[in-house]
Structures are given as C-alpha cells and as structure tokens.
Amino acid sequence: MKKTLTVGQYRSMDLFFFALMMTVSEAVIVLAATRWFPSEPYTVSVVAAVTAIVMIR
C-alpha cells in the first residue's frame with residue numbers, strides 16, 4: 001500500500017528543500033565574494049528571489 005503525503009508534510013518538505021537550496025547558493029556566493037572576487041565592493045544575494053518563489057508557491 002502506498003502512503004500518501006499530507007498537506008503539512010508536503011509543505012514541510014518543500015520548505016526544507018528550498019531552505020537547503022538557499023543555504024547552498026548563499027554559501028557559494030560568499031565563497032565567490034571572498035575568494036574569487038575580493039576586490040568587488042558588493043555581492044548579489046538570492047534570498048529575495050528564493051523567498052518570492054516560495055511565497056508564490
């Protein structure tokens with residue numbers, strides 16, 4: 001018998017995976033800003049874009 005997911009379980013998994021994607025992407029951005037491009041005065045974050053995607057879903 002196949003177990004179905006509840007809406008709460010689906011939302012929890014969805015938020016977990018988006019948080020994981022955001023954490024990994026921010027880590028890569030910080031790594032790039034500090035090691036690859038240390039002389040640049042700014043960085044670009046993906047937090048606003050990922051948050052908007054999660055809120056729309």
Side-chain angles (χ1 to χ4, degrees):
M1 181 181 276
K2 192 173 185 179
K3 184 181 176 199
T4 59
L5 292 175
T6 65
V7 174
Q9 290 172 327
Y10 173 76
R11 285 183 182 166
S12 296
M13 282 184 7
D14 190 53
L15 289 176
F16 171 76
F17 285 121
F18 272 107
L20 182 67
M21 287 187 325
M22 189 165 41
T23 303
V24 169
S25 64
E26 282 296 315
V28 170
I29 289 170
V30 169
L31 175 70
T34 57
R35 295 209 179 153
W36 301 330
F37 307 106
S39 62
E40 295 297 321
Y42 59 88
T43 59
V44 177
S45 179
V46 296
V47 171
V50 173
T51 302
I53 291 169
V54 170
M55 289 177 71
I56 289 172
R57 289 185 57 158

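On a predicted model such as this, the values are computed, not experimentally measured, just so you know.
- Looking only at side-chain heavy atoms (C-beta outward), V54 and L15 come within less than 4.5 Å of each other.
- Atom CH2 of W36 and atom OG1 of T34 lie 9.0 Å apart (nearest 0.5 Å).
- V47 pairs by the side-chain contact (heavy atoms from CB on, under 4.5 Å) definition with M22, E26, S45, T51, not counting sequence neighbours.
- With rounding to the nearest 0.5 angstrom, the OG atom of S12 is 11.5 Å from the OH atom of Y10.
- Hydrophobic clustering places M13 together with F16 (ILVMFWY residues linked when any side-chain heavy atoms are closer than 4.5 Å, directly or through intermediates).
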